[in-house]
Structures are given as structure tokens and as C-alpha cells.
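Everything numeric in this text was worked out from a predicted model, so none of it was measured. Just so it is clear: chains get the letters A, B, ... in the order the sequence lines come, proteins before strands, and each one is counted from 1.
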Amino acid sequence: MAQKPAKAPGVSRLRRNGAAKRLTRAFFARDVLTVAPDLIGATFLVDGVGGIIVEVEAYHHTDPAAHSFRGPTPRNQVMFGPPGFVYVYRSYGIHWCVNFVCEPAGSASAVLIRAIEPTFGIEEMKRRRGLEDIRTLCSGPGKLTEAMGITIAHNGLALDAQPIELFARPSDVEVVTGVRIGITKAVELPWRFGLKGSQFLSKPFAPSSRGA
DNA sequence: TCCCCGATTCCCT
DNA sequence: GGGAATCGGGGAT
């Protein structure tokens, strides 16, 4: 039991190979509405466990649905700090949700990570979730934090330093847009972004001509 | 100090 | 489809 579990197959190659470019803090030093769709297809790992980001939502301080709308508080202070850091909060007293802070700096802008396609450390994620079905393993903001072991202990960590790793998507992807989920304010803003056709979303995206 | 409710998930009908 | 679980944040008193 002193033995460390083996790293998930393929992670070392991802880390070594120039084909998988690491995302640095500079990637997040851009407007949140630019960063959010650019994150679709990127790989997000914590301690080598995680997968491909397939769904996100953008929030910022002029947005009544955002935690930061009413100004800085102890809970949301990371949102008001520099870009490239993690903001974690507790949702409904039960779940953790993870955000990446973006520019403009001090504007309390962040991208909520809503779903990933599991690719690394799948057995570990299944164990943490007590679940076998890979399609629902990380298909929601509370699900993916449980699967990846993310808690308030990760609040304020840098996105380009251990234990977090982010890799740019290897090629362009088709990104679909929609209204955000689970909010009651500013419900009309099309600030939800997803990987077109993904089987790992928290909810399907409505056909563009209908809905909301 | 009190009270309401949420960037959710899961289970039941 | 509907409601419970569960608790901290923050507006209201």
C-alpha cells in the first residue's frame, strides 16, 4: 500500500510531446467570452486525472447571475484576482464547482467547467463516483469535481502549476452555443459553450432555431 | 441574528 | 417530471 498507483497510460506522452501545448496563465489573460469557447477541446487534469473539456459557461461581474455581481466577498475573492487561477465554491451545500479566472483582471470574470470527457485516470474517477457509466462520470459541474477530487482545498491554485495541468486542443473543434443552465437571472445570455456532438455533455444543446 | 435560496444531483413516482 | 438533501453566503430585520 506504500506503492503509488501507476500513472494513467498516455499522460507522460502528453506531458512530453510538443504536440500537446500547455496552457499558461497568458491563455487566461484574455476576455472571458474569448477564453470560454477556446477551452472546448482542451485537456484538464488534476494529479494526472481528468479529460477533455466539452462544456463550459462564462460569468462576469456585470452579469446578475455571477457570484461576483455584488462585489468581492471572502467566498469570491479569487474571482477578483489575476487571471489563470482556480475558483472553487460549494453548490447547494453538497457539491463543489470549479472555475477558471479570466480577464479583464479584477473584473471577476470566470469560466465554469461544466463537463469533461473522461480520458485519464478513468478507473480512479469511477471509484470516486461509485459509478461505472463513463458517459455520466463527469457530465455536470458537481460530477466532474467529485470524479477529479477537486474541493475547496484547490481554491486559489494556479492553473499552470502542479497539481493542475492544462493542454491546448490539438486541432480546431466545432463549438456550439446556448443559454446557461440552472440560473434564474440573465437567463437569455448565450454564454454556454459545448463541443458539437459530444456524448459527455450535462445536457444537450437545443437546436439553434428553437428554445430558451 | 434570522431567513431564504442557490452556477446540482439523485431518487422516487 | 417532481422533490429532497444540505449548508454557507448574503440580504433583510
* **Donor-acceptor under 3.5 Å (A/Thr145 side chain, A/Trp96 main chain)** => yes

* **nucleotides 4-13 of chain C: protein proximity per nucleotide (B base, S sugar-phosphate only, - neither; heavy atom, under 4.0 Å)** => -BBB-SSS--

* Please state whether the rings of A/Tyr87 and A/His67 are parallel, tilted or perpendicular, taking 30° and 60° as the class boundaries. => perpendicular

* Charged N-O contact under 4.0 Å between A/Asp133 and A/Lys126 -> no

* Euclidean distance for P, C/dG3 against B/dC5 (whole angstrom) -> 16 Å

* Structure fact -> Sorted by number, residues from residues 142-156 of chain A placing a heavy atom under 4.0 Å from DNA chain B are A/Gly142, A/Lys143

* Asked: Rounding to a whole Å, what distance do you find between A/Arg114:CZ and B/dT9:C1'?
  -> 11 Å

* To do: Quickly work out the A/Lys185 NZ to B/dA7 P distance and round it to whole Å.
  => 7 Å

* Asked: A/Phe100 pairs by ring pair (Phe, Tyr, Trp, His ring centres under 6.0 Å) with which of A/Phe44, A/Phe85, A/Tyr59?
  -> A/Phe44

* To do: Send over the distance from A/Glu57 CD to B/dG6 P, rounded to a whole Å.
  => 15 Å

* Pairwise P distance for C/dA4 and B/dC4, with rounding to whole Å -> 16 Å

* To do: Mind checking A/Arg129 for me? I need base, sugar-phosphate or nothing, with any heavy atom below 4.0 Å counting as a touch.
  => sugar-phosphate

* Pi-cation contact, A/Phe167 with A/Arg169 (under 6.0 Å, within 45°) -> no

* Asked: Once you round to the nearest 0.5 Å, how far does OG1 of A/Thr43 lie from CD1 of A/Ile52?
  -> 5.0 Å

* Measure from CG on A/Leu189 to P on B/dA7 and round the result to the nearest Å. => 14 Å

* Asked: Is the shortest side-chain N to carboxylate O distance from A/Arg127 to A/Glu123 below 4.0 Å?
  -> no

* Asked: How many Å lie between CG on A/Leu201 and C1' on B/dA7, as a whole number?
  -> 17 Å

* Hydrophobic cluster identity match, A/Ile94 and A/Ile183, side-chain contacts under 4.5 Å -> no

* Structure fact -> Stems with DNA chain B, 3 or more Watson-Crick or G-U pairs in a row (under 3.5 Å), are B:1-6 with C:7-12, B:8-12 with C:1-5

* **Pair A/Glu57 + A/Arg180, salt bridge at N-O below 4.0 Å** => no

* A/Lys203 NZ: over 12 foreign heavy atoms closer than 6.0 Å -> no

* Asked: Does A/Arg135 make a cation-pi contact with A/Phe200, if we ask for NZ or CZ under 6.0 Å from the ring centre and within 45° of the axis?
  -> no

